[in-house]
Amino acid sequence: SQTIHQWPATLVQPVGSPLSLECTVEGTSNPNLYWYRQAAGRGLQLLFYSVGIGQISSEVPQNLSASRPQDRQFILSSKKLLLSDSGFYLCAWTLYGGKGIDGYTFGSGTRLTVV
Amino acid sequence: LAKTTQPISMDSYEGQEVNITCSHNNIATNDYITWYQQFPSQGPRFIIQGYKTKVTNEVASLFIPADRKSSTLSLPRVSLSDTAVYYCLAGYSTLTFGKGTMLLVSP
């Protein structure tokens with residue numbers, strides 16, 4: 001069966017420090033991968049998505065970046081964190097875009113607090 | 001991507017049927033309608049997906065009229081554990097989540 005792993009679960013980082021969040025998917029090949037962010041009390045904002053190795057599309061310009069070095073690995077990074085980067089970060093995957101039997105499958109999320 | 005509009009919040013009691021309606025007036029021909037459930041500090045969980053008419057699974061039913069400009073998620077006999085945020089999405093590839101509907105189920 002397919003599983004998605006996301007870590008760490010919580011993270012407290014000082015302003016100006018770098019960030020690296022990792023997401024991996026098991027049990028499938030060539031998934032579409034996504035990074036979402038959810039600020040407190042708000043909906044999910046799509047940050048990046050990838051349809052293949054090295055292919056990254058950015059939805060929102062910001063100081064974050066994403067990379068996909070392997071088929072089932074998706075990394076979210078920042079060189080210098082801002083206070084506004086605090087939030088709940090979620091990785092998701094799907095095989096058929098937004099449609100398909102199961103839609104999107106989300107990871108358990110990373111709660112990032114920038115202090 | 002079709003923009004969706006749904007109520008910000010709804011209240012219900014245990015054992016009642018809850019219907020959450022979502023409007024998606026500019027839905028495209030290829031768009032599917034998908035509903036997700038999210039508990040605090042967890043990722044959204046897929047509930048149900050449909051294209052037209054009615055879809056039913058062990059958790060919920062989804063009603064989509066012929067014009068597909070709206071859809072209704074029906075949760076039969078809700079329990080306290082159904083308290084969550086419910087998101088309606090309409091799209092084909094990349095999906096956009098709005099703020100969802102916060103459903104509060106009381107004893």
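None of the values given here were measured: they were computed from a predicted structure. Labels below follow one simple rule: chain letters A, B, ... track the order of the sequence lines, proteins then strands, and each chain is numbered from 1.
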In this structure, would [X] and [Y] fall into the same cluster of hydrophobic residues linked by side-chain contacts under 4.5 Å?
| X | Y | result |
| --- | --- | --- |
| B:Y32 | B:I27 | no |
| B:I33 | B:F63 | no |
| B:I64 | B:I47 | yes |
| A:L83 | A:L81 | yes |
| B:V85 | B:V59 | no |

Notebook entry, point to check: For A:Q45, is it the side chain, the backbone, both or neither that has a heavy atom under 4.5 Å from a heavy atom of chain B?
Noted result: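 When you check distances to chain B, no heavy atom of A:Q45 falls under 4.5 Å.
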Item checked: Check: A:F106 ring centroid to B:F39 ring centroid under 6.0 Å ->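 A:F106 vs B:F39: aromatic centres not under 6.0 Å.
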Check: With side chains defined as the heavy atoms from C-beta onward, is the minimum distance between A:S108 and B:Q42 less than 4.5 Å?
Finding: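 No - every pair of side-chain heavy atoms lies 4.5 Å or more apart.
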Note to self: Is it true that, when you exclude B:Y13 itself, more than 12 heavy atoms of the residues, nucleotides or ligands shown sit nearer than 6.0 Å to its OH?
What the structure shows: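 At most 12 heavy atoms, drawn from other residues, nucleotides or ligands, come within 6.0 Å of this atom.
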Item checked: Over 12 foreign heavy atoms within 6.0 Å of CD1, B:I8 ->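 Counting neighbours around CD1 of B:I8, 12 or fewer heavy atoms of other residues, nucleotides or ligands fall under 6.0 Å, so no.
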Item checked: Toward chain A: residues of residues 99-107 of chain B with heavy atoms under 4.5 Å ->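 Answer by number: B:K99.
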Checklist line | Separation of A:T105 OG1 from B:R45 CZ (nearest 0.5 Å) | finding: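 Reported value, rounded in 0.5 Å steps: 11.5 Å.
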Next item on the list: Taking all non-hydrogen atoms of both residues into account, name the closest pair between A:L90 and B:G43 and its distance.
Entry: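 Smallest interatomic distance, heavy atoms only, reads CD2-CA, 3.5 Å.
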Check: If only atom types and distance count, is the side chain of B:Y36 paired as donor or acceptor with the main-chain N or O of A:Y104 below 3.5 Å?
Finding: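 Answer holds: yes.
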Checklist line | ring pair (Phe, Tyr, Trp, His ring centres under 6.0 Å) assessment of B:Y87 paired with A:Y36 | finding: CA-CA 14 Å; B:Y87 295 96; A:Y36 285 86; 9.8 Å; no
